[in-house]
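Comments concern the structure below.
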There are 2 protein chains.
Amino acid sequence: MPATIKDNTKLFKALSDPNRLRILKMLQTKSLCVCEITEVLKLATSTVSKHLSILRYAGFVIEQKEGKWVNYLINPKPPDQRISSVLSTLDFWIADDNSIISDKQKIQNIDRNIVCGR
Amino acid sequence: MPATIKDNTKLFKALSDPNRLRILKMLQTKSLCVCEITEVLKLATSTVSKHLSILRYAGFVIEQKEGKWVNYLINPKPPDQRISSVLSTLDFWIADDNSIISDKQKIQNIDRNIVCGR
DNA sequence: CTTATATTTCGTTTACTAACGAAGTGATAT
DNA sequence: ATATCACTTCGTTAGTAAACGAAATATAAG
């Protein structure tokens with residue numbers, strides 16, 4: 001099966017949004033559910049869900065259902081060598097800008113039972 | 001100087017357009033002027049010029065004036081390690097899809113003195 | 001110096017993407 | 001069963017990006 005134009009751009013499109021980069025860097029620290037990410041990014045739940053579906057479709061993350069929660073995590077078996085390469089050297093590709101540093105601090109003290117459900 | 005959000009996305013945004021990927025892969029073979037690229041991509045000259053300015057701003061290419069022509073080439077001294085990494089393994093990051101294979105054939109037989117000026 | 005050629009910049013239209021809230025789905029808790 | 005919580009999907013709006021042609025700039029040629 002030959003490569004397509006879409007294959008070539010999909011990877012980069014997924015990485016072209018600052019909120020998606022923030023999500024990837026957060027998931028590097030630990031897996032998170034949608035409402036935890038929503039709390040940190042201060043976006044609508046539906047927006048975060050959409051970002052996650054784009055990251056998932058591109059192959060960067062996978063989802064794991066856990067009761068009423070859906071946990072997202074860095075894909076341990078990426079479908080593409082380029083994705084593996086980016087994920088294994090994420091700090092090289094995505095620098096720790098101010099928002100990312102701030103995000104990392106926030107997810108330390110987050111408890112989904114408190115943050116979610118309000 | 002700390003990294004900014006824009007720094008993080010600029011690289012990937014530049015690589016998010018199929019025509020810009022085609023340009024990079026063409027320049028990998030040889031340096032080209034705007035009207036040669038225009039001929040291959042079948043776009044308006046102004047559109048190609050814009051794509052090249054985006055690639056230049058991101059650090060992927062540089063320009064060299066040669067009389068009435070402006071030659072574009074892969075940046076031999078990229079300002080960013082990530083750019084260097086992408087450029088040195090361009091075939092890993094950008095697969096040879098049908099359009100790219102076709103482009104490479106076309107630029108073999110192109111003569112700017114014939115193609116430009118009509 | 002005027003004309004022609006190569007390219008860039010500008011203004012506009014069109015297409016895409018991100019954001020939101022509302023409605024729908026599925027699981028848990030009462 | 002019904003209500004609640006987490007999430008997704010849908011429809012809409014707003015902002016962004018790509019495309020074009022026309023006008024401006026710069027260099028080469030006559």
Side-chain angles (χ1 to χ4, degrees), chain A residues 5-6 8-23 27 31-58 61-73 99 110-118, chain B residues 5-6 8-23 27 31-58 61-73 99 110-118:
Chain A
I5 299 157
K6 259 199 148 184
N8 270 331
T9 52
K10 191 170 70 174
L11 164 87
F12 302 117
K13 277 186 194 290
L15 298 173
S16 300
D17 182 272
N19 287 318
R20 287 196 288 273
L21 297 186
R22 291 172 70 183
I23 291 173
L27 294 180
S31 71
L32 297 164
C33 68
V34 180
C35 73
E36 288 173 312
I37 298 168
T38 303
E39 174 67 21
V40 175
L41 297 184
K42 301 290 181 197
L43 293 173
T45 323
S46 56
T47 305
V48 172
S49 179
K50 176 68 176 168
H51 281 310
L52 285 164
S53 81
I54 290 168
L55 287 172
R56 188 161 62 87
Y57 177 63
V61 305
I62 59 169
E63 62 173 32
Q64 272 177 359
K65 297 203 175 178
E66 180 192 345
K68 62 178 173 179
W69 284 294
V70 179
N71 291 319
Y72 280 87
L73 48 144
S99 59
I110 247 179
D111 180 353
R112 71 177 57 171
N113 293 299
I114 297 170
V115 159
C116 311
R118 236 173 325 133
Chain B
I5 300 155
K6 260 198 146 184
N8 270 331
T9 52
K10 190 170 70 174
L11 165 86
F12 301 118
K13 276 186 194 292
L15 298 173
S16 297
D17 182 272
N19 287 317
R20 288 196 287 272
L21 296 186
R22 290 171 70 182
I23 291 172
L27 293 181
S31 71
L32 296 164
C33 67
V34 180
C35 71
E36 288 173 312
I37 297 168
T38 302
E39 174 66 22
V40 175
L41 296 184
K42 301 288 180 197
L43 292 173
T45 323
S46 57
T47 305
V48 173
S49 179
K50 176 69 176 169
H51 281 309
L52 285 165
S53 82
I54 290 168
L55 288 173
R56 190 160 61 88
Y57 178 64
V61 305
I62 58 168
E63 62 173 31
Q64 273 177 357
K65 296 204 175 178
E66 181 192 345
K68 61 179 174 179
W69 284 294
V70 179
N71 291 318
Y72 280 88
L73 48 145
S99 59
I110 249 180
D111 179 353
R112 71 177 57 172
N113 293 299
I114 297 170
V115 159
C116 310
R118 239 176 318 139

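A straight line from CD1 of B:I114 to P of C:dT5 spans 15 Å, rounded to a whole angstrom. Put simply, CD1 on B:I37 is 14 Å from P on C:dA6, counting in whole angstrom units. The separation between B:F12 atom CZ and C:dT17 atom C1' is 18 Å, rounded to whole Å. The CZ atom of B:R22 sits 14 Å away from the C1' atom of D:dA18 (whole-angstrom rounding). Rounded to whole Å, the distance from OH on B:Y57 to P on D:dA17 is 12 Å. Computed from coordinates, the B:I54 CD1 to D:dA17 P distance equals 8 Å when rounded to whole Å. The distance between atom CZ of B:R56 and atom C1' of C:dT8, rounded to the nearest whole Å, is 10 Å. Summarising the geometry, the separation between NZ on A:K13 and C1' on C:dT17 is reported as 9 Å, rounded to the nearest angstrom.
Judged as a salt bridge (Lys or Arg N to Asp or Glu O under 4.0 Å), and not counting sequence neighbours, A:R20 has no contacts. For B:C35, the disulfide bond (SG atoms under 2.5 Å apart) partners two or more places apart in sequence, or in a different chain, are B:C116.
In this structure, A:I37 CD1 and A:H51 NE2 are separated by 11.0 Å, a value rounded to the nearest 0.5 Å. Note that the CD1 atom of A:I62 and the CG atom of A:L55 stand 13.0 Å from one another [nearest 0.5 Å]. A distance of 8.0 Å separates CG of B:L11 from CZ of A:F12, quoted to the nearest 0.5 Å.
Put simply, B:R20 has a side-chain N or O that comes within less than 4.0 Å of OP1 or OP2 on D:dA18. Between B:Y72 and C:dT8, a side-chain N or O to OP1/OP2 separation shorter than 4.0 Å is present.
Of the candidate nucleotides C:dA18, C:dT7, C:dA6, C:dT7 has the atom nearest to the side chain of B:C35.
Counting only N and O atoms by type, the side chains of B:R112 and B:N71 include a donor and acceptor under 3.5 Å apart.
Counting any heavy atom pair closer than 4.0 Å across all strands shown, B:E63 reaches sugar-phosphate atoms only and no base atom.
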Please walk me through it: do A:I23 and A:L41 pass side chain to side chain contact (heavy atoms under 4.5 Å, CB included)?
-> CA-CA 9 Å; A:I23 291 173; A:L41 297 184; 3.8 Å; yes

Contact letters for nucleotides 19-29 of chain D, in which S counts primed atoms plus P, OP1 and OP2 and B counts the base, heavy atoms under 4.0 Å | SBBB----SS-

